[in-house]
Number of protein chains: 2
Amino acid sequence: MGRQTAPAESRQLSAGETAEDARTHILDAAEALFENEGYRAASVRAITAKAGVNLAAINYYFGNKEALLEAVCHRRLGPLNEARLRKLKEIRAEARRRGRKVELQPVLRAFMAPALMLKESGGSAAGFPALFGRALADPDDTVQRVIFKMMKPVHQLMLEMMGDALPGVSREEVFWRYQFVIGAMARATRVYKNPGFKGAGLEDPGPEGGVNTLIDRLVSFTLAGAQAAPGMNIKCKKNSAPESK
Amino acid sequence: MGRQTAPAESRQLSAGETAEDARTHILDAAEALFENEGYRAASVRAITAKAGVNLAAINYYFGNKEALLEAVCHRRLGPLNEARLRKLKEIRAEARRRGRKVELQPVLRAFMAPALMLKESGGSAAGFPALFGRALADPDDTVQRVIFKMMKPVHQLMLEMMGDALPGVSREEVFWRYQFVIGAMARATRVYKNPGFKGAGLEDPGPEGGVNTLIDRLVSFTLAGAQAAPGMNIKCKKNSAPESK
DNA sequence: GTCAGTTTTAAACGTTTGTATTAAACGGAG
DNA sequence: CTCCGTTTAATACAAACGTTTAAAACTGAC
């Protein structure tokens, strides 16, 4: 199969690099279509058409469609998760040096901020958070497998550090609070500047500031939520399931 | 493949029963497959096979696949949203009667509890919350359209009442906190008792109690989050986007 | 210019999709 | 029994899917 040497030698073209251009054109087109249509609905025909390459190019460069999804996610999630892990370990190291427990707020921020900052990176990466938010709940098994494989180290470290930051809270409880954090963030990336959510029955959220405003809102919400005293609110009267009339 | 018709029906029961049985068998099969595979991936062939009816039955009874999805959602979301709206209006009425502002906690509970209670209703409705959680982020436009049409009244009332319960908080801010609530709940319904999330890189969350425990966790998390003071946490050092290497 | 290797192209592959068609089987009413 | 509206059944259909193939068009090195 046509696996050839690195593009370092092919730089000698007439302003070319067309060889590596095809790959990135495909990646860009796939990222945009995966974001807007979803993995399953974005056909290889639509992707190659948008990328301006031949139909067979995806199979030639990536093998198959699943490998393309993996490459699309890897391009963004690779450096993104590296940044998350670096920041988290830095926070943990500093807490240990000072002999204090980990603080929750920087942990949440280290998890969420790098992802959302991509939104205003200007480049083609700006669409990735929405793609990722979509992928987090995508029904397709392929998508789930790809996402989980790349997120596993982050998940593990987050669970560990949230546990450290919340002494006395059971592992089970920490697990669920982390899930709520993920859910809130995933929803935010899907809704943020997605025109489909404006006219679809939800009130206009206004000018909604920049990404930093959204990050602050997410952090303050999830921080308070994760630090809340556990379910002392059972005092409420029993809620029954809706009886079918 | 053979015939796999449901046990003990047909001639046995009185007339007219079998006619309605085919419809509900299709609805049940579709609900289960939509939950486990997603709308797009659940083919009409798989649905009809699971329901034990002929391939053409879906088009005969519902017209097309989209109308089937609408019927599946309507069967559950209809009474569910009625229960939500009834409870919310009841809360609002009582607050007005007492001349006090609306309390947030019952509002959140009225929104989330009826949905999650379906999980332990025992019947075929138990799978619907996961379906709904999936649908909330489903990339398919058809799914989004169907869901939003049915959720619109609930969304509007929730935004209004959360606004009442949070005086001094801007509409924009309320909008986002409501989105975070939705995200956390959607994630919870997807993860709860979904075996795919156990071995997929996330630590085992333990016995995890019943649905009531999950509801309490969700309510306490989102209540604290929604009541949190807005973004005073900007003091943190600037987080940069992960530089692509 | 020749040649090996890489990339691009057009066409076809075999499935699978949702839906349409047409005829057969059914069940009470006359 | 016949008749008629309803339901089930087997099959056909056109379109779209991901993937494969084999030949053409390139590329840079000799």
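The sequence lines fix the lettering, A, B, ..., with proteins before strands; numbering per chain opens at 1.
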Within the 4.0 Å limit for protein heavy atoms, which parts of nucleotides 10-23 of chain C are touched? Write it as a string from 5' to 3', B for base, S for sugar-phosphate only, - for none. B-B----BBBB---
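- Qualifying salt bridge (Lys or Arg N to Asp or Glu O under 4.0 Å) partners for A:Glu70, counting only residues two or more places apart in sequence or in other chains: A:Lys149.
- Evaluation of the ring pair (Phe, Tyr, Trp, His ring centres under 6.0 Å) test over residues 31-60 of chain B, restricted to residues two or more places apart or in two chains, returns B:Phe34-B:Tyr39.
- Partners of A:Glu120 according to the side-chain hydrogen bond (donor to acceptor under 3.5 Å, both in side chains) rule, which considers only residues two or more places apart in sequence or in another chain, do not exist here.
- Scanning for side-chain hydrogen bond (donor to acceptor under 3.5 Å, both in side chains) contacts around B:Glu31 gives B:Arg75, B:Arg76, with sequence neighbours left out.
- What separates CZ of A:Arg23 from P of C:dT7 is a distance of 10 Å, to the nearest Å.
- For A:Asn36, there are no side-chain hydrogen bond (donor to acceptor under 3.5 Å, both in side chains) partners two or more places apart in sequence or in a different chain.
- Atom CD1 of A:Ile47 and atom P of D:dA16 are 16 Å apart (whole Å).
- For B:Tyr60, no side-chain nitrogen or oxygen approaches OP1 or OP2 of D:dA9 to under 4.0 Å.
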